[in-house]
Structure formats: structure tokens, C-alpha cells
Number of protein chains: 2
Amino acid sequence: MSLATDTADQPTLYKRIRADIEKRILTGEWPPGHRIPFEHELVARYGCSRMTVNKALSELAQADLIERRRRAGSFVRRPQHQSAVLKIADMRAEITSLGRSYGYELMHRKLRTATAADRQRLGVKKAGKVIAIACRHSADSVPFAVEDRLIDLSSVPDAANADFSCEPPGSWLLHHVPWTEAEHTISAIVADDRTAEALDIAVGAPCLVIDRYTWRSARTITAVRLLYPGDSHRLVARFKGG
Amino acid sequence: MSLATDTADQPTLYKRIRADIEKRILTGEWPPGHRIPFEHELVARYGCSRMTVNKALSELAQADLIERRRRAGSFVRRPQHQSAVLKIADMRAEITSLGRSYGYELMHRKLRTATAADRQRLGVKKAGKVIAIACRHSADSVPFAVEDRLIDLSSVPDAANADFSCEPPGSWLLHHVPWTEAEHTISAIVADDRTAEALDIAVGAPCLVIDRYTWRSARTITAVRLLYPGDSHRLVARFKGG
DNA sequence: TTGACTTATATGTCTAGACATATAATCGTG
DNA sequence: CACGATTATATGTCTAGACATATAAGTCAA
């Protein structure tokens, strides 16, 4: 084994100090709550100036691995809870960022007085006007996702005049309506006849489903259901923990 | 108003420099790709030593707000787009919070030297030891999700001694190992024979798939694949936007 | 025992230098 | 023009100090 050459080839001193401490925390040798050696002790151990160990400890503190308290010392923090930031840019950005050409096709648009089903979906009681939209997003001319959306016109009156034949409703809303809250529900289904045709996949093929509800201060703006071919599309959420 | 005394009461110089730059980035005054002033220019502007502006810029770099390139300068990074906070607590919390009883069953556990496939999955080059685990989570004695996990022992040596026959590896890791970064990939598949049996669903039924990779400062900790019955389970992400 | 005051100390910030190192830009050559 | 060598320069790291500041701990009086 040519591994474990811990001492040699360290990039820089402060990084080595940081890595050393990090290792002890990760292995559990220094459990949460454990007091890390004082700066002056680390200075003695590594034979460097205080600024060098301070830089190592400051970075560990910025990364929330340790907590520093004046006069008391530095302490290992408890591991953080899990939460992920799920990035869902608008569809055009999502597709073009993959280096593929974006295509959009409005399949259906209807302005109507909200039906009972519409009201339930939007979570509103009054029967105002809504726009129902069905459209398809494609990447390199291959169906990427189909969208089934309902917009509450009493919350977004301007949407009645928007031209959704060229601009996807998601983009339009993103650029015209600020939102304060949203909820995503992710599930999986198998494609029925209609979905299979729209996505150009086989009946019975897996589909990833994202339902998104968007509000602005307790007022529903829009409800959208996105269907992705489940075996080809992957929704990636990269995030920083803390 | 006694507030808004911007110039007075500044905490420290480097924090003020950091806040100034952060503000310009967040307001869009300095868009992504924009080169922020060189250190020596900031030194002149703020009348301080280089170490002070260096500390401010280093922290912005650690926070991924800017990117620093030798000889070239420091540049504003692309900001994150729309994002949702997807909370995925550990499985026990997820199930008990639904008011259902949690059940756990270790199906398979093996400590081995990383195979080529393991290394690729973990994104590591060196062939260290890994633990491969397969287990099942159930709610009210009904299969809820099956888990297929790989833990990199060179990152989490203690995991070799953990008893995963009673405690789910996710819980153990959550309580023993802090993470800094993770990536989720969500997709959908239809159940094959083995999956169908493990989840007690029909072959060909939809399954929601979550692949999660977790790192601690560029070091892979674990890779896990979770399979949920797609028609019964719903993954909810509620979040606040701007 | 409790509260107020004092002190010791670990971290927080800062300086004015130094040398190292990666690399964009320039220059020179075939 | 293409390509390798050289140079200039911005960042990366480090030092040996300094003073500031929050606060744990000790002290003392009510």
C-alpha cells in the first residue's frame, strides 16, 4: 500500500492542521462537545505561528464543524440535520444548461371559470377565473417533460394577456410574479396512453411526477404537474449541508 | 430612526469588506463573471493591510460566492437559481412523524475492498475498504423503502464497528458524521422481480428512486439508493422563496 | 447563598512585511 | 503562424508581533 503517507506531500500547513482535526472529528475520536486543543497548544504542536492555526480553526468554524467561544475554547459541533436544496430552474435553463437545444410547444390553453376540481387543486373557495395550460418541453427535439398547469387569474390577472404560445408559462411566471412559498410533491407513476403518447414512450414505462404549488402570501398563484420520462430524466439537487 | 447607521458601529473591517462585496453581488451590481477589485486595490480603498482583505475574500470564496484564480483575479460565481429545501430526515423520523410504527431489517452487510464498481459509485480512485449494506424500512409492518448503501471506510473508519443490525446506517451516519455537501438524483423506474419482492408490490409497478451522495469537503462519505413504491409514497418539499 | 466586581485567558482582529506558486501575457524562434 | 520559453503579477501561505474583547472563573461583600 502506498497510501497513508500522511506527513509527506501535505499541501500547506494550515490545510494539514485543518485536515488533522477534521479527521479526528469524523472518526469520532473527538465527539461532539469535545474541546479542541487551544490555539497556543496547536502552535506548540505544529511549530507555527498563531495565525496559521487560527486560519485552520476559522475555516472549520465557517464550515460549522466546530464552534469557537471566547475564553472557553473551540468545541466539536453536533452533526447537522439533513436538508437538501433542490434546484429547479425554469425548464429552458434546465435544458440549455445540459447543452441541449430547448423546444417548447403549447398544446392547450383555456381560460375558464374555475370548476370544482380546479378550486380543489388550487385550494381556493371562490369560483374565479383560471387558465388551464398543457404544454410540452423538449430537448434536441425529443420530449423532455409535459406540463399540466393551472393559473389563478385572481392572483395573477396579467396572465390573461400573456402569450403562452411562445413563452412557457413557467418562465413567464418566474419573471413576472414573485412567490413566497412553494411545495413540491414527488412521486412516480407508470405512463398511461395519453402520457405515453405525449412523451413518446411506451405505455407502462416509468414516469417521474413533480407537483408544484406556488403561493404568494397565502394566495395561490399556480399549480403545476410535470411528467418526466423516469428512465431518462434525472432531477439533480446539489446542496451544501449545515 | 436610530438604525441605518451604516458607517458607524461596523463590527470589524474585514466583515465590512466582505459585506460590501456580498451586497454588490447579491444586488446584481457585480454580475456573475465580473472581476472584483484586486486585493491591492481593496487595500488602497479601505486603507488596511493585505491580510485583512485577503480574509474577507477567502471567506467569500469558501462560501462559493466568488472564485479566486491566481494571476487572474477574483470573480463572481454563478448564483443558485430557484431552489427548494427538501427535507429528508432519517427514515425513522420520517415514518414516525406520519404516526406509523417504524420497522427496520438488515438484509445484507458486507465489508470488502472496494471493487471497480464501488470505486466508480463512490467517485474515489484508491481501492480502500467499503461496507455494502442492503436493508428495508417498513411502516406499520408494510415495506416502505429498500435501501442499498455503500460507505467509504477511509472517510468513516468508525463505521466498521457500528452495529447495523439494529440501527439503520442512515441514522448512524446522521448522528456520527457531519457532511458539507450532498447530491440527490431523483428518478423513476418500474419494479423488477427482486425490487417487487422486497417492497411487496407488483412487478412493473412504479418506483420512486432517490440516489444520494454525501461528501465532507470533497471526500465521499456514502452513496445510497432508496427505492420507494411510487404510487404510495410522496416526497414533500415545502420551502420559502424570494 | 447570592449577587456584584475583578481578573485571567482564549479567541478576534490587524499589521507590515516575506517568499512561494500558478498562470496570463509577452517575447522569441522555427 | 504555431509553439515553447520567459516574465510579470495576483493570489496563497506564513511570521512575529500587537491590542481588543468576550467571558469563565475567582473574589468578596451583603
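Every chain is numbered from 1, with letters handed out A, B, ... down the list of sequences. As the structure is a computational prediction, the values presented were derived from the model and not from experiment.
Remark: B/K55 is not in phosphate contact with C/dC14, judged by side-chain N or O atoms under 4.0 Å from OP1 or OP2. Neither OP1 nor OP2 of D/dT13 sits under 4.0 Å from any side-chain N or O of A/T52. Remark: B/R68 is in phosphate contact with D/dG12, judged by side-chain N or O atoms under 4.0 Å from OP1 or OP2.
If you measure from atom CZ of B/R69 to atom C1' of D/dA8, you get 18 Å, rounded to the nearest angstrom. Atom CD of B/E39 is separated from atom C1' of D/dG12 by 9 Å (rounded to the nearest Å). Whole-Å rounding puts the A/M51 CE to C/dA10 P distance at 19 Å. The CG atom of A/N54 sits 15 Å away from the P atom of C/dT15 (whole-angstrom rounding). The OH-P distance, from A/Y14 to C/dA20, rounds to 19 Å in whole Å. In this structure, OH of B/Y46 is placed 16 Å from P of C/dT13, rounded to the nearest angstrom. Rounded to a whole Å, the CZ atom of A/R18 is 11 Å from the P atom of D/dC14. Between B/R35 atom CZ and D/dT9 atom C1' there is a gap of 12 Å when expressed in whole angstrom units.
Ranking C/dT15, D/dA22, C/dT21 by closeness to the A/R70 side chain, first place goes to D/dA22. Of all nucleotides listed (C/dG12, D/dA10, D/dA24), D/dA10 comes nearest to the side chain of B/F38. If you check D/dT23, D/dG12, D/dT9 against the side chain of A/R71, the one that comes closest is D/dT23. Comparing atom distances between the A/L13 side chain and each of D/dA10, D/dT11, D/dC14 picks out D/dC14 as nearest. Residue B/C48 places its side chain closer to C/dT15 than to any other of D/dC14, C/dT15, C/dA10.
Partners of A/R24 according to the side-chain hydrogen bond (donor to acceptor under 3.5 Å, both in side chains) rule, which considers only residues two or more places apart in sequence or in another chain, are A/E29.
Mapping A/R50 and A/G47 onto DNA chain D via the closest heavy atom, the residue that lands nearer the 5' end is A/G47.
Ring geometry for B/Y104 versus B/H137: interplanar angle of 30 to 60°, hence tilted.
One finds the OG1 atom of B/T222 at 10.0 Å from the OH atom of B/Y213 (value rounded to the nearest 0.5 Å).
Within the 4.0 angstrom heavy-atom criterion, only backbone atoms of the sugar-phosphate kind lie near B/S74; the bases stay farther away.
The two atoms that bring B/I17 and B/C48 nearest to each other are CD1-SG, 4.2 Å, heavy atoms only. Scanning both residues, B/V209 and B/D211, for their nearest heavy atoms gives CG1-OD2, 3.9 Å.
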